[in-house]
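Start at 1 and go down the list; that is how both ligands and their atoms are numbered. Keep in mind it's a predicted model, so treat the numbers as computed, not measured.
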Amino acid sequence: MQLSVKHLLGIRDLIPQDIQTILDTATQFKEVLQRPIKKVPSLRDVTIVNLFFENSTRTRISFELAEKRLSADTVNFSASASSVAKGETLLDTVNNILSMKVDMVVMRHSASGAPHFLAQHIPAAIINAGDGINEHPTQALLDAFSIREKLGNIAGKKIAIIGDIMHSRVALSNIYLLKKMGAEVMVAGPPTLIPKYMKEAFDVRVEYNLRNALEWCDVANVLRIQLERQNQVLFSSLREYNLAYGINKKLLDSLSKEIIIMHPGPINRGVELDSDAADSKQSIILQQVENGLAVRMAVLYLLSGGREMNN
Ligand code: NCD
């Protein structure tokens with residue numbers, strides 16, 4: 001099994017068959033993860049460096065654990081504890097790390113396009129773990145895996161992506177993936193957080209009313225308000241955002257059918273999602289995290305050349 005790409009920079013570059021291959025491989029790894037011994041030797045002798053220039057909890061832990069389960073040798077780098085703080089350039093940092101013979105690089109960076117830049121300059125396989133407001137491909141893949149697991153299929157399903165569409169790399173990667181796999185996609189939220197070009201550029205529905213969005217969809221993928229990326233006032237207050245766009249159990253119960261709630265984390269409880277909805281039985285947020293491990297194992301395995309999987 002092979003992907004059509006050497007790096008995973010974004011869902012934009014993938015063909016539907018790549019997505020299918022990654023999801024099917026992840027299904028096999030999820031099965032491995034249920035076994036008493038969860039470790040396989042697939043990436044023995046492969047060295048991976050995790051370069052995190054931006055904060056992360058679950059994505060970083062998920063990649064590290066995926067690498068360990070595949071028996072890779074790993075090195076972890078975080079910008080705050082490195083020479084980046086002394087003014088070193090990105091290319092210098094990475095060239096130094098590569099002199100140590102690294103095969104793959106997992107990278108998160110606040111600058112959109114940073115992993116694409118690296119891919120042009122170094123021979124290792126690059127996996128984008130989130131670049132600025134551009135893409136977060138493994139998040140979209142684990143979201144798709146979770147939808148497929150829950151609903152059996154992605155094609156024909158109605159997915160509403162709700163909240164801060166403008167600043168969210170999760171939104172963009174999800175839109176590319178869901179459209180490629182034949183889902184119906186809606187973006188919903190306040191007009192100030194939805195770029196004007198969404199409908200024309202991505203062929204998605206746009207909805208400004210939360211209840212209409214929830215009534216329409218099978219799955220609501222709720223996004224965090226990216227306060228750290230907003231340099232102007234785009235809504236009046238968090239409390240007002242919660243009143244107009246916050247999802248709670250009462251609202252879910254008042255809908256004509258039971259929908260599925262997803263969120264990439266970290267949740268701003270009481271802003272985009274209230275605890276009674278986040279922790280309800282309609283929420284698959286923790287399954288998403290669990291599935292993230294299998295999906296990242298699949299991506300690492302396939303980009304390393306797909307060697308023996310089960311022995
Ligand atoms: C997302 C991210 O970092 O882009 N989180 C994640 O990876 N689980 C979403 C977010 O920060 O809101």
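In this structure, D279 pairs ionically with R269, as a charged nitrogen and a carboxylate oxygen lie closer than 4.0 Å. Checked for salt-bridge contact, R229 and E54 meet the test: a charged N lies under 4.0 Å from a carboxylate O. Under a 4.0 Å N-O distance rule, the pair R35/E31 qualifies as a salt bridge.
Residue H136 holds the heavy atom nearest to atom 7 (O) of ligand 1 of all those in H136, Q288, Q139. If you check each of G292, P264, G265 against atom 5 (N) of ligand 1, the one with the closest non-hydrogen atom is G265.
Checked against a 3.5 angstrom limit, the closest N/O atoms of P266 and ligand 1 fall outside it. Considering both main-chain and side-chain atoms, V170 never comes within under 3.5 Å of ligand 1 through any nitrogen or oxygen pair.
Between Y241 and F235, the two ring planes are tilted [angle within 30° to 60°]. The aromatic rings of F202 and Y197 sit tilted relative to each other, their planes meeting at an angle between 30° and 60°.
You'll find the ring centres of F77 and F53 inside the 6.0 Å limit.
The atoms of ligand 1 that sit less than 4.0 Å from any heavy atom of R58 are 8 (N). In summary, the atoms of ligand 1 found under 4.0 Å from a heavy atom of T59, numbered by their order in the structure, are 6 (C), 7 (O), 8 (N).
Protein heavy atom in closest approach to atom 11 (O) of ligand 1: R224 NH2, 2.9 Å. Of the protein's heavy atoms, R169 NE, 2.7 Å lies nearest to atom 4 (O) of ligand 1.
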| said: Using the rule given for salt bridge (charged side-chain N to carboxylate O under 4.0 Å, His left out), can you reason through D143 versus R148, listing the C-alpha separation, both sets of side-chain angles and the distance that settles it, and then say yes or no? | reply: CA-CA 9 Å; D143 290 345; R148 193 174 84 158; over 6 Å; no
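For G130, the heavy-atom gap to ligand 1 stays at 4.0 angstrom or more. Ligand 1 has at least one atom lying under 4.0 Å from a heavy atom of R108.
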